[in-house]
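Below is one structure; the comments refer to it alone.
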Amino acid sequence: MASKIHIIVKIVAACVIPMTVFSKRYLPNWESLDTRPLPPWYDEVKIGIYIHWGVFSVPSTYCGEWFWYEWQTGQCKECVEFMNKNYKPDFTYADFASRFTGEFFDPNQWADIFKAAGIGYTAFVAKHHEGFCNWPSKYSFNWNAVDIGPKRDLLGEFSAAIRSRTNITFGVYHSLYEWFNPHYLDDVNNNYTTQHFIKKKVLPEMYELINKYKPEYLFSDGDWMVDDFYWNATEFIAWLYNDSPVQDTVVTNDRWGKNIRCKHGGVFTCHDKYNPGHLIKRKWENAMTIDKQWAGFRRNAPLSDYLAIEELLAVLIETVSCGGNILINIGITHDGLIVPIFEERLRQMGAWLDVNGESIYAARPWSNQNDTLTTGVWYTSKKQESGLSVYAIIQNWPTGQTLTFGAPITTSKTTVSLLGYPNKFNWVPASPSGGIVIEMPYIPISRMPCQWAWVFKFQNLAN
Ligand SMILES: *[C@@H]1O[C@H](CO)[C@@H](O)[C@H](O)[C@H]1NC(C)=O
Ligand SMILES: *[C@@H]1O[C@H](CO)[C@@H](O)[C@H](O)[C@H]1NC(C)=O
Ligand SMILES: *[C@@H]1O[C@H](CO)[C@@H](O)[C@H](O)[C@H]1NC(C)=O
Ligand SMILES: *[C@@H]1O[C@H](CO)[C@@H](O)[C@H](O)[C@H]1NC(C)=O
C-alpha cells in the first residue's frame with residue numbers, strides 16, 4: 001500500500017511541477033500575447049451576465065448608459081428636453097450621484113438568480129464611460145459608490161456573494177476612457193502625445209482593480225478613440241498574464257485600442273452584439289442586451305423593446321453553434337433591483353438549460369453550423385465516452401409527422417433522441433448521400449420536455 005501511495009504522489013507531483021517551471025512569460029507585444037492559450041473555463045461555461053449599473057441608472061431613460069454624453073453634447077434631443085422639463089437649470093450630472101441609492105441591492109439575491117439562469121461568469125460594470133467607480137478606488141477622488149450614492153462597495157459585495165454562493169466566475173467590465181475626465185481631455189488636446197490620464201488614472205486604477213478584486217474576466221471597453229500605444233495596453237496585459245494574482249485563469253477581450261479590436265488580444269468582442277453567423281477560428285463573444293436598445297436600465301422602455309425568450313434563445317443557440325460565448329446584459333435600477341422582466345428572461349433561460357444544457361455547456365462547433373435543408377436549425381457537438389454526439393437545435397416544433405435534416409450522415413448504428421424525452425425516435429436516411437428523416441411520435445403537451453426550442457441528439461453518425 002505504502003509504495004502505491006508513493007507512486008501516486010510522484011505522478012501528481014510530476015503533473016503539477018512542470019506547469020509552473022515551464023509556464024511561459026509573455027512579452028508586451030501582440031505577437032507574444034496572442035500566443036497565450038485561452039484558459040479552459042471560458043469555453044466550457046458559454047454564458048456570461050453583463051451588468052450595467054452606475055449613475056446613469058438614476059436618469060434611467062433616453063440613451064441609457066450614454067445619457068450624460070448625449071445630453072451634454074446635445075446629440076439626444078429627448079435627453080435635453082427631459083432635463084429642461086424636470087430639473088433646475090443648474091442641475092449637473094454629478095448631482096445625480098446622491099440619488100444613486102442602491103437601497104434594495106441584495107447581492108445574494110442577484111447571485112441566486114444568476115445561478116438559476118445557468119450563468120457561468122459575470123462582467124459587472126466596475127466603471128463605465130462616466131468614470132464613476134463602483135468600488136472605492138483611491139484614484140477616483142470622490143466619484144465612487146462608497147464616497148457618494150449607495151455608500152457601499154458594490155463591486156466588493158457582489159464579488160463576495162458570487163464567490164460564496166455559486167460556482168460562477170467573477171469578472172468585470174472596465175471602460176478605459178472617461179468622456180469628461182480633465183486628464184483625458186488634456187491628452188486629447190495634446191493629440192495623445194501625453195499620457196497624463198493613463199499615468200494618473202487608468203493604469204493605477206486597473207492594477208488596483210485586479211489586485212484587490214481578482215476578477216477572472218476583464219471586459220475592456222472605451223478604447224476606440226485612439227490606438228493601443230496610448231492605453232499602454234500590451235504592458236498591462238503582459239502583467240495580467242505574467243504576474244497578476246489571476247495570471248493563469250484570467251480572460252480578457254480585444255478592446256484595447258482602435259487598431260486592435262477584432263485583431264489581437266483575448267476573445268474577440270469586436271463591436272457590440274458581434275455575431276458573425278458562421279464559424280470563426282478565434283474564440284469570440286457576443287456582448288448583447290435583453291433590452292434591444294440600451295444596456296443601462298430605462299424606466300420608460302416599452303415591453304416591445306425587450307427580447308422575448310424565444311429571441312434570446314435564438315441568439316444563444318446561433319452564437320454557441322458558431323463557436324462563440326454569449327454575454328447577456330441586464331440593466332439595474334438606481335435602487336439596486338433586477339426588475340421582474342429581466343429576472344423572468346434569466347429564469348426562463350435557466351429552465352431551458354436544465355433540460356438542454358448538455359447541448360450548450362462545453363459543446364464544440366460541429367462540421368456544419370446550420371442545417372443544409374431546414375432553416376433555423378443550429379448544430380453543436382460533444383465528444384463523450386460513447387463517441388461524438390451531435391445536437392440539432394430546432395426553434396419550430398414540426399407540424400407534420402416527420403422532421404428532415406440535411407446535414408447528418410447516418411450509419412446503421414445511428415440513434416436519435418430528444419433531450420429530456422425518454423424514448424428513442426425512428427428514422428430513415430433522407431437520401432443515399434445523406435440526411436435523415438425522423439418519424440415524429442405523438443407527444444402530449446404535458447410530456448414535452450421544454451418550451452421554446454428543442455434539441456435532437458444524434459449518436460453514431462458517419463460525420
Ligand atoms: C459548485 O459545483 C460543484 C460541482 O458541480 C457542486 O457540487 C457545488 O454544489 C457547486 N457549488 C455551488 C455553491 O453552487
Ligand atoms: C495627431 O497624431 C496623429 C497620429 O500620430 C497624426 O497623424 C496627426 O497628424 C496629429 N494631428 C495633429 C493636429 O497634430
Ligand atoms: C507606457 O507606454 C509608453 C509609450 O509607449 C512607454 O514609454 C511607457 O514606458 C509605458 N509605461 C508603462 C508603465 O508601461
Ligand atoms: C446556413 O447558413 C448559411 C451561411 O450563413 C446560409 O447561406 C444558408 O442559407 C443557411 N442554410 C439554411 C438552410 O438556412
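Each ligand, and each atom within it, is numbered from 1 in the order the structure gives. Every heavy atom of this structure was used, including side-chain atoms; hydrogens, water molecules and symmetry mates were not.
- Look at Q195 and you'll find a heavy atom under 4.0 Å from some atom of ligand 3.
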Just distance, no hydrogens or angles: give the donor-acceptor pairs under 3.5 Å from side chains in residues 127-134, sequence neighbours left out.
| residue | atom | partner | partner atom | Å |
| --- | --- | --- | --- | --- |
| K127 | NZ | S175 | O | 3.0 |
| K127 | NZ | E178 | OE2 | 2.6 |
| K127 | NZ | E205 | OE2 | 2.8 |
| H128 | NE2 | H52 | NE2 | 3.3 |
| H128 | NE2 | Y173 | OH | 3.4 |
| H129 | ND1 | S175 | OG | 2.7 |
| E130 | OE1 | F56 | N | 3.3 |
| E130 | OE1 | Y93 | OH | 2.4 |
| E130 | OE2 | V55 | N | 2.9 |
| N134 | ND2 | W53 | O | 2.9 |
| N134 | ND2 | V125 | O | 2.9 |

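- Annotation: ring pair (Phe, Tyr, Trp, His ring centres under 6.0 Å) contacts of W256 (sequence neighbours excluded): F236.
- Within ligand 3, counting atoms from 1 as listed, the ones closer than 4.0 Å to a heavy atom of N232 are 1 (C), 2 (O), 3 (C), 8 (C), 10 (C), 11 (N), 12 (C), 14 (O).
- N144 and D147 share a donor-acceptor pair across their side chains, judged by distance under 3.5 Å alone.
- Donor-acceptor pairing under 3.5 Å is recorded for the side chains of D187 and T194.
- Ring orientation note: the planes of H264 and W30 are close to parallel, at an angle under 30° on the 30°/60° scale.
- The stretch residues 203-262 participates, sequence neighbours left out, in these disulfide bond (SG atoms under 2.5 Å apart) pairs: C262-C270.
- Using the six-membered ring where Trp is involved, W179 and Y177 have ring planes that are perpendicular, over 60° apart on the 30 and 60° scheme.
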For a distance cut-off of 3.5 Å, show me each N or O of ligand 4 paired with any protein N or O, plus the separation.
| residue | atom | partner | partner atom | Å |
| --- | --- | --- | --- | --- |
| ligand 4 | 2 (O) | N370 | OD1 | 3.3 |
| ligand 4 | 2 (O) | N370 | ND2 | 2.2 |
| ligand 4 | 11 (N) | N370 | ND2 | 3.1 |
| ligand 4 | 11 (N) | D371 | O | 3.4 |

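- Listed by number with element, the atoms of ligand 3 under 4.0 angstrom from any heavy atom of E235 are 14 (O).
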